[in-house]
Each structure stands twice: as structure tokens, then as C-alpha cells.
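The structure appears right after this line, and notes come after that.
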There are 2 protein chains.
Amino acid sequence: MKLNERHLMQLAAVLDAGGVSEGAAMLGLTQPAVSRSLAMLEARVGEPLFVKGRRPLQATQLGFQLAAQGRTIITASRKASDAVQGFMKGTKGVVRVGGVPFFMDAMISRMIGEFQNLEPEVTVQQSYLNLPEMVAALEGNQIELGIVPIGVLDLGPGFEFTEILPGRNIVACRPGHSLLRNRRLRAHDLTSFPWVAPLPGSPLMSDLQMILMSIGMSDLNIRYSGGSLMSVINYLAETDALAVLPFSVVFAQRKENRVTVLPYEIPQPNRSLGILRRVGGLRAPAAERFAAHVTTSFENLRHIIKRHENAVVWGR
Amino acid sequence: MKLNERHLMQLAAVLDAGGVSEGAAMLGLTQPAVSRSLAMLEARVGEPLFVKGRRPLQATQLGFQLAAQGRTIITASRKASDAVQGFMKGTKGVVRVGGVPFFMDAMISRMIGEFQNLEPEVTVQQSYLNLPEMVAALEGNQIELGIVPIGVLDLGPGFEFTEILPGRNIVACRPGHSLLRNRRLRAHDLTSFPWVAPLPGSPLMSDLQMILMSIGMSDLNIRYSGGSLMSVINYLAETDALAVLPFSVVFAQRKENRVTVLPYEIPQPNRSLGILRRVGGLRAPAAERFAAHVTTSFENLRHIIKRHENAVVWGR
DNA sequence: TAGCTTCATAGCAAAATGCTATACAAGCGG
DNA sequence: CCGCTTGTATAGCATTTTGCTATGAAGCTA
């Protein structure tokens, strides 16, 4: 007993509007069209849906039950239309963002929150990815956007990279660390403390290698590795350990005052944080909106950093 | 932007089945039919719903969102079909029962419970009506069944009355009432106690008038009136008041032992409790089932009463 | 009972839907 | 890398459905 969904919708409209003519008008149809639909539905069902010879129109119990389903069909249909509208305007839908863990935790998660204060109907699915997986995920349409630091731009065609912040790493430690009292730090000062290692495969890991070389040490005393940003910060706050972190990540934590910058010059990576996406990919207006939001947020952040640095010699 | 609901359903089926051909099969259609539907939907939406040139078929985010709506449409449609099936078998739907208050409270409410243990998907809407309103409600299709005591069967055509229990009233009082100790009660013994009056307009009210006449008193000492069955029983249990009640109603309360029958013969009404319904009315299989259940329940009750009376001279 | 309003039916044109047959494209194994 | 397999898109056609206008029938109200 398969019923015609259109008929169910018309039934619902008629009951809600209180008459065939009104229901037809509500759907933008003529009265005879709806009248026939009801007759066909009734014939299909084999039971009366209306009490005959009654004005104003009165539905049977079965009529009410079917109308209830018709109503949910109407609702679903309108939701579908709304989803399309919202998708095109970028005010609805799902944005899947992959990113390197520390930046996601330190900055992007906040920006997602800000963004959703403006666009509450956009859902964001965050995932943690480093460059290789990110490229694969973009190509496989698993994510719309990637947040990643990239050096040489040799990703081939089909990808677009929007720079949002120049890469700049620092050595981080807890406030009150004994090294902060030294006027001029030497390399061997740093090697006498334990270090936190970033995740293997992350850009920071190769940066740590660079520092190692510049310091001239073949290996550091690494006692902790694998933690997320919160873990690392918690760890740094409790110990005298040192870690290589992006400056902006530490800057974003300035209000909490749990980590600070050790004034020691380290070699800087030739790399920028940016938004990676497919250029030939599918339209995803909500993702574009989010990308724009992230871009302007970082633009603002850059100014804030500059003002901050002018005001105080931060980290000393 | 009005989308075709059928297309949305097909989209959902295709995504759930994992392919156009499988989705088509699931809906009992051919692959080209569904393929074209998807193309039309995509054209209407103006955005791709599938990632092109990918096998296995991969939907876009928008495709997923629309499919979700399609899925609810499919569900609603199936629910509508189920509602029809259930209606015809009498296993689904709404039964609206009107009845005289005391019988509804004493017996029918229990039977509704029993019935729904067998037919959990039938909803029952109970209302309290006396005969005139009940006839109007049946004619106006506000209720399917009425439970009412009727004397002369002059309801005109279009109504059907199924007798379920002969009318038999008794005088009720609390167990331990002083009158129960009297061997032979006289009329004036009863008039020296206060009485509970039934609701005005109820059959019991006219029965009370009859008793009044048989006792030869022009008025009784009425101190309480208007209560539902529970109120009346609570009242009787607390006082030495007397009340005219249908025997079966008191019998139904025998386990609680809060009211009992005073062994005094009163004139019996020429009236039977029964189920009233429209004969030319709409089919209502669930209501028929319920009516059958009530009928057999009362049939059983009649036997139980008989056995009970054989075993003990009840009420003394 | 007359008149008004509202629903049902008739008849027709246009669109949508379904089918079969066939062309096309993506993955896969040799 | 080529052909094979599998699955999707397109073509063409018959049928059904859907929409409209015009008109008839039926309740309600005065």
C-alpha cells in the first residue's frame, strides 16, 4: 500500500487551511487539482478520509493520521529548500576543517566559536591532520579547508594556499624559569634542560631538528612527547622543560600566563601558516565564509601582536 | 526553490544503498529512472550533489543534507502506509469513547487498560457524556462509541445499541454501616440517613426519584452531590450516607471493600447498559475491536457475578 | 426555498515518470 | 597500458500524472 507523498501533503494542507480551496491556495494550486488528489488518495486507501456531506469539511480519524504524515513531508521538503538556500548563501551546512594540532587548539577553535556566533547554522567538523594527510583529505573531499604551515609551494595545480601568518618559532618555557634571568643565553644553557618533543611528522618536529643543528648538539634530553597543546602547556607550567612552539600559539595564551617566550634566537623556518583548499573543488560557500573569517581574524591578530611588541618587550 | 519530494526520496535511497542501481532497486525502479531524477534534482538545485568522476559514488555535503530530508519523507510515507494498514486491521488509530461517568470510572477505564495490553498502538480518548450529548457526539463524529444505559430503544435509525449488562441498582453504604445489622429494613430506616445525589441529568438521578416514590417520601436528606465515582466512594466510606449505584459498579469495587450493598429491595429501572454507535457511520475497526473487548469482558463479568452470588450471600 | 459558498467532475494540454536499449566512464587485472 | 567488468548517463517512446478552465452538484444560511 504505497501512498503518493504529494497527495499526503495536499491532505495536510487542506486540513490545516480548513478547506479544499484554501488548502489549494496555500500550495499554489487550483481547487480542482487538490480535490482530485484527495479523491485519488481516498480511492487508494479504500477508506473515507472525510466525513461526507459536512460543511465545514471534517476529516476522519484516518484522515488526521495521514495528514500528520503529510505535514512532516511538507516540513522536510521546506527544510530541504532552506538547506539549498542556506548553502548558496553560506549560512547553512557543514564545514570540515583539518589542521595541525597546535594551531587548531590555540587559535582556530576560538575562531570557530567567533564564526558561529555570526553564523549559528553552520556546523564545523574539526580534525587534526598534518600536511600529507591533509592533501589526501582535500583530494578525497573529506575536508573543505586545511590549516597548515607550508614552505615551498609545490603542491601542484588544483590547490590554493592563502597565507595568513608568517612562520616564526620560539622557545617556550614557564614564567619564572631560571633561564629568563640570564642576560645572554648561550646554546649550552638550553641543552641542560629537558625538552618537549612535538608530534612526529609535524612541522615543529623538523624545526626542532634545525635548532638541534644550530645548537650543535646531536640529541636533546627529551622526556615528554606526543601531547596536545593543552598537555604541553600544562607540562611546561609544571616543569623547567623547554619546547619549540610557534610564536602565535604562545601569544594566543598570553592571558593565561602559563607559558612565555625565552629570548633566544633560533633559526626560523621558511614557512607560513595558511589556509589550504582545492581550487577546482566543489563550491562550498560556508567554507569560504569561514576561510574569510579566519583570514581577517589573523589579520587583526597581526596588528595586535605588533602593538603588543611596541608596548612591551614581551617575554622578558 | 521548490524541490520535488520524490527526487529527494530517491536521493536518500541512492545514498543509503550506496549506488544508483541499488537505490533504484530498493525503490522498485530502474536505474535510468533514478539517474534522471538525480540529474533533474541537481539541475533544480544548481549545485552538484555528487562528486563527479568518483566510484564508489560520493555525495557532496549538500547532497547529504538533502538526502537527510529525503529519508524523513520516506519514513513519513511508510508511516502513512502503516497507519492505513493498522487502521484496517484495527490495530492502530484512535478510539474515542464517551460514557456515563460512573461506569467509565468503575469498569470501562479498566477495560481500556486490558485492551491496550493487547493492542498497544490504539489510542483511546475517553470523555464523560450522558445520553443526549452522547447522541449528538456520535452524530457529529466526535466519538465512535458510547457507553450508556438505555431504556426504550427509540433512538431512531442510524444507531445501534448492543446490550452488555442489564440495569440493576442497589443502595450502597460503607461496610459496617449500622443498617447492615438490621434483619429487615423498612423504608423509614433509610430515610433517617443522609443521601448522596448523583449528577443531575444522569440515569441514576431518575432512579433516585423512583426510589423516593417507592419509599413514599417526598424528599431525602441530600448533603452531597456532583462527585465522580471516586469522590462518592470516598465520601461513603467516611460517613453513614447512602447512595443509589448500579450493582456492577459496586461489584467492581469489591476488592477494595470500601462500599457494600445494603440488602433492601428497590424498584429496578427498565434499562440496560450497552454500547451505542452509529450503524451508518464510518468504519472504525479499532473501535469495533474495542467494543468486542468490552462486550466479552462484561460477558465474563456476568459469570463472575453469578458465581460470586452462589458462593456467598454478598453484601450481608 | 433562494442564494451563496464550496466541493466534485469533465475534458484537455502539458509535464513527469516509467520502461528498454545503448552509449559512456571509472576502476581493475593481466 | 590495454581491454574487461561494472556501474552510470542518455535516447526514445508509451503511459500516467498533474495542472488548468469550465461547469455541475451539494450544504449552509437567511
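Lettering of chains follows the sequences in order, A, B, ..., and the numbering in each one begins at 1.
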Length of the [atom1]-[atom2] vector between [X] and [N], whole Å:
X        : N       : atom1 : atom2 : result
Leu49(B) : dT8(D)  : CG    : P     : 15 Å
Leu41(B) : dT8(D)  : CG    : P     : 17 Å
Asn4(B)  : dT18(D) : CG    : P     : 10 Å

Opening and closing nucleotides of DNA chain C in contact with chain B, under 4.0 Å to non-hydrogen atoms: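 That gives a stretch of dT17(C) to dG27(C).
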Donor-acceptor pairs are to be reported for all side-chain atoms of residues 76-94 of chain B against protein atoms at under 3.5 Å, with residues two or more places apart or in another chain.
from, atom 1, to, atom 2, distance (Å)
Ser77(B), OG, Glu5(A), OE2, 2.7
Ser81(B), OG, Met1(A), O, 2.8
Ser81(B), OG, Ser77(B), O, 3.2

5' priority, DNA chain D, between Met40(A) and Leu38(B) [closest heavy atom]: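 The answer here is Leu38(B).
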Sorted by first residue and then second, give each salt bridge (Lys or Arg N to Asp or Glu O under 4.0 Å) pair with at least one member in residues 126-142 of chain A; sequence neighbours left out. none
Provide the full list of salt bridge (Lys or Arg N to Asp or Glu O under 4.0 Å) pairs with a residue in residues 39-50 of chain A, sequence neighbours left out, each pair given once. Glu42(A)-Lys52(A), Glu47(A)-Arg283(B)
With sequence neighbours excluded, give me every side-chain hydrogen bond (donor to acceptor under 3.5 Å, both in side chains) pair touching residues 16-35 of chain A. Asp16(A)-Arg71(A)
For the CD1 atom of Ile164(B) and the CD1 atom of Ile275(B), what is their distance to the nearest 0.5 Å? 5.0 Å
Backbone N or O of Val51(B) within a donor-acceptor pair of the Thr60(B) side chain at under 3.5 Å? no
Counting only N and O atoms by type, is there a donor-acceptor contact under 3.5 Å from the side chain of Arg96(A) to the main-chain atoms of Gln142(A)? yes
Listed by chain and number, what are the ring-ring contact (aromatic ring centres under 6.0 Å, His included) partners of Phe298(B), not counting sequence neighbours?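 Result, ring-ring contact (aromatic ring centres under 6.0 Å, His included) vs Phe298(B): none returned.
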Using ring-ring contact (aromatic ring centres under 6.0 Å, His included) as the criterion, list what pairs up with Phe50(B), not counting sequence neighbours.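 Here no residue qualifies.
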If the plane angle is over 60° it's perpendicular, under 30° parallel, otherwise tilted; pick one for Phe115(B) and His293(B). tilted
Test of understanding: with salt bridge (Lys or Arg N to Asp or Glu O under 4.0 Å), list the residues that count as partners of Arg277(B), not counting sequence neighbours. Glu160(B), Glu288(B)
Summarise how protein sits on nucleotides 19-30 of chain D as a single string, 5' to 3': B when a protein heavy atom is under 4.0 Å from the base, S for sugar-phosphate-only contact, - for no contact. BSBB---BBS--
Please enumerate all residues that pass side chain to side chain contact (heavy atoms under 4.5 Å, CB included) together with Phe64(A), with sequence neighbours excluded. Leu15(A), Ala59(A), Gln61(A)
Terminal helix-axis angle for the helix from dT1(C)-dA30(D) to dG30(C)-dC1(D), with five pairs defining each axis and rounding to 10 degrees: 40°
At a heavy-atom distance below 4.0 Å, what parts of residues 13-21 of chain B sit against DNA chain D?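 By residue number: Gly19(B), Val20(B), Ser21(B).
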Where is the tightest heavy-atom contact between Met134(B) and Ile147(B), given as atom of each residue plus distance?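 Closest pair (atom of Met134(B), atom of Ile147(B), distance): CE-O, 3.6 Å.
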